[in-house]
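Atoms within a ligand are numbered from 1 in the order they appear, just like the ligands themselves.
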Amino acid sequence: MANTYDYVIVGAGSAGCVLVNRLSADEDTDVLLLEAGKPDEKDEIHVPTLFPGLMQSDVDWEYWTVPQEGLNGREEYWPRGKTLGGSSAINAMMYVRGNPHDYDRWAELGNEGWSWDEMRPYFKRMEDFEGGESEYHGEGGPLWVEQEHPYGDVTNALIDAAVEVGFDRNENINAGQQEGMGPLPLTVRDGTRESTAVSYLHPVLDRENLAAQTGAHVTQIEFEGDTATGVTYVQDGSTDTVDADQEVILSAGSIDSVQLLLLSGIGPADELEEHGIDVKNDLPGVGKNLQDHLVASAAYELHGDPEIQQGEVLCQVTGFERTDPDLPAPDLQYFLARVYFMRHGFDNPEEGAGMTPSATLLHPESRGEITLASADPFDDPVIDPNYLAHEADLDTLVEGVKRTRQIGHADALEEYRGDEIWPEGDVENDADLREHVRETAQTIYHPVGTCKMGDDEMAVVDDELRVHGMNDLRVVDASVMPEITSGNTNAPTIAIAERAADIIRGLD
Ligand SMILES: Cc1cc2nc3c(=O)[nH]c(=O)nc-3n(C[C@H](O)[C@H](O)[C@H](O)COP(=O)(O)OP(=O)(O)OC[C@H]3O[C@@H](n4cnc5c(N)ncnc54)[C@H](O)[C@@H]3O)c2cc1C
């Protein structure tokens, strides 16, 4: 392998694969991609219904949070993809852009170029939308997006149940108006997963100006003064250093980009000193501002043994709602699954079929942090999302669970509904529901915000995603979101990387 490239990109995840594709499109630019995980060869990655089998497998970093007071002291499992495609190779393939207000907020916070009107072209450019080109959607982009899948009877009944309890039908939650309940778009093409490795990376791997290494765990950013000059990585037990003539770009995700900055001396000085790390740049926001989506559910036995249709996937319905009409965007997202999905599936009953209507808290007030456990790059960092630290977060989630139970008890589901097995026991009041949430809520896998963009004291990158106070070093991944989006975070992360590629190439 050559030792000098124009760009060295760390991490082949949702963002990293996009950058590799777009930056290496200029044949005069040499790009090196370093990915800690292995190639994306497992069947479970590519067959959507096998997705639960990826959890705690050899393509999962399998992180855990510290005990969460708000979750009755439980430690929460945080899967993260460790393979080509990163978390887009192990995620649930739901394709949700978020609310226009989310991006307008980023711009309002002082981030020029990130408003909805400015981001919409990137969402269109990345798509090859099943429904074709329109004001809202793109055609011919790298990422195939399916809008509808064959619905079975149970899924139809779940939608009817939601309509019965007051949701409008919404046939396209990615076309401006999020509220209502309707089809959940998926990054699935002809029954196989469209990770960013499949859509952006594999098609360009034969470019001569692109080198991609797997099993290459980056342990350190190298500097001359304040300028990033390359990275050190460990592969097959050997340590090597490569140089970046133009830039080092961290796309290692909301946990590992933080860990790499901290290991390299960029972060809160007191934390670095505690681990004997030389402070290069006392940047207090590194690892702070951690936001995640917490989900709480009801669950029902599914009776009547309804057939699963050919091509049917197991969660095909989503919807959004505001608990207060004065809110600028929905604060709850719903998923209506025609399977059990109880605590990552680990608490599913061993026998019988089920349905799980669930509610996700979209805009938590609670903020957590990621810190180092030690200066050893192979030690997992300390993850503290600080779930439900704000009472308002619990209140909203309880409202969400009430709605999922209304759906679960609707007449439209009468034919299929068996016993309610979540919440457990007799629910008599809000206190019981609060306890249910604290006892059973889980992450829906969307940590963001730990290297937030902005120009305040706690910002880590500027609005061109350059690390404050450093040269030739960017972060491009979900960690740069100043505030979490109203929905699943894969599509927003891809759009961030699309825009970053234009910024880096001077095209924006
Ligand atoms: C189980 C699960 C289900 C999800 N479901 C959905 C969903 O249905 N829809 C949705 O929109 N979002 C979903 N998400 C969230 C979404 O996938 C993520 O927000 C998104 O993939 C984050 O992209 P990223 O580029 O920030 O990081 P990642 O995609 O996680 O990429 C980071 C990459 O960096 C690599 N890396 C890390 N450290 C190093 C290092 N030191 N050296 C080299 N490489 C390194 C990792 O191995 C990984 O490949 C889910 C996530 C998970 C885990």
> Between D60, L54, N91, which one has a non-hydrogen atom sitting closest to atom 17 (O) of ligand 1?
Replying inline: N91
> Per the side-chain contact (heavy atoms from CB on, under 4.5 Å) rule, which among T65, L262, V258 passes with I370?
Replying inline: V258
> Looking at atom 18 (C) of ligand 1, what's its closest protein heavy atom, distance included?
Replying inline: T489 OG1, 3.9 Å
> Does the side-chain contact (heavy atoms from CB on, under 4.5 Å) test come out yes or no for L32 and V242, once each step is laid out?
Replying inline: CA-CA 9 Å; L32 171 66; V242 282; 3.7 Å; yes
> How long is the span from the CD atom in Q177 to the CG atom in N170, to the nearest 0.5 Å?
Replying inline: 6.0 Å
> About how many Å separate CG of D58 and CG of L54, when rounded to the nearest 0.5 Å?
Replying inline: 9.0 Å
>> Once you restrict to heavy atoms under 4.0 Å, what part of N490 touches ligand 1? Side chain, backbone, both or neither.
In response: both
>> Counting non-hydrogen protein atoms only, what is the nearest one to atom 49 (O) of ligand 1? Give residue, atom name and distance.
In response: E35 OE1, 2.6 Å
> Is the CG atom of D206 crowded by more than 12 outside heavy atoms at less than 6.0 Å?
Replying inline: yes
> So is T83 close enough to ligand 1, meaning a heavy atom under 4.0 angstrom away?
Replying inline: yes
> Should one rank G85, S195, S257, A252 by closest heavy-atom distance to atom 32 (C) of ligand 1, which comes out on top?
Replying inline: A252
> Has V96 got any heavy atom lying under 4.0 angstrom from an atom of ligand 1?
Replying inline: no
>> Within the structure, is a non-hydrogen atom of W61 found at a distance of less than 4.0 Å from ligand 1?
In response: yes
>> One residue to check: H446. Relative to ligand 1, which of side chain, backbone, both or neither has a non-hydrogen atom less than 4.0 Å away?
In response: side chain
> For atom 21 (O) of ligand 1, what is the nearest protein heavy atom, given as residue, atom name and distance?
Replying inline: S14 OG, 2.6 Å
> What heavy-atom pair brings Y136 and K124 nearest, and what distance separates the two atoms?
Replying inline: O-CG, 3.8 Å
> Any idea which heavy atoms bring V218 and Y233 closest together, and the distance?
Replying inline: CA-CB, 3.7 Å
> Measuring from the heavy atoms of A216, does anything fall under 4.0 Å of ligand 1?
Replying inline: yes
>> Any nitrogen or oxygen of V10, side chain or backbone, less than 3.5 Å from one on ligand 1?
In response: no
>> Is a donor from one side chain sitting under 3.5 angstrom from an acceptor on the other, for Q68 and D384?
In response: yes
>> Quick check: do V382 and V66 have side-chain heavy atoms less than 4.5 Å from each other?
In response: yes
>> Out of G98, G11, G81, who is nearest to atom 48 (C) of ligand 1 when you count heavy atoms only?
In response: G81
> Which option out of G86, C17, S87 puts a heavy atom nearest to atom 30 (O) of ligand 1?
Replying inline: S87
> Should the ring pair F341 and Y445 be called parallel, tilted or perpendicular, given that the plane angle runs from 0 to 90° and is split at 30 and 60?
Replying inline: perpendicular
>> Using a 4.0 Å cut-off to any heavy atom of R80, which atoms of ligand 1 qualify?
In response: 51 (C), 53 (C)
> Would R125 and E498 pass as an ion pair if we require N to O under 4.0 Å?
Replying inline: yes
> Any idea which atoms of ligand 1 are less than 4.0 Å away from a heavy-atom of K82?
Replying inline: 47 (O)
>> Does only the side chain of P377 get under 4.0 Å from ligand 1, or the backbone, or both, or neither? Count heavy atoms.
In response: neither
> Is there any N or O on P79 that sits under 3.5 Å from an N or O of ligand 1?
Replying inline: no
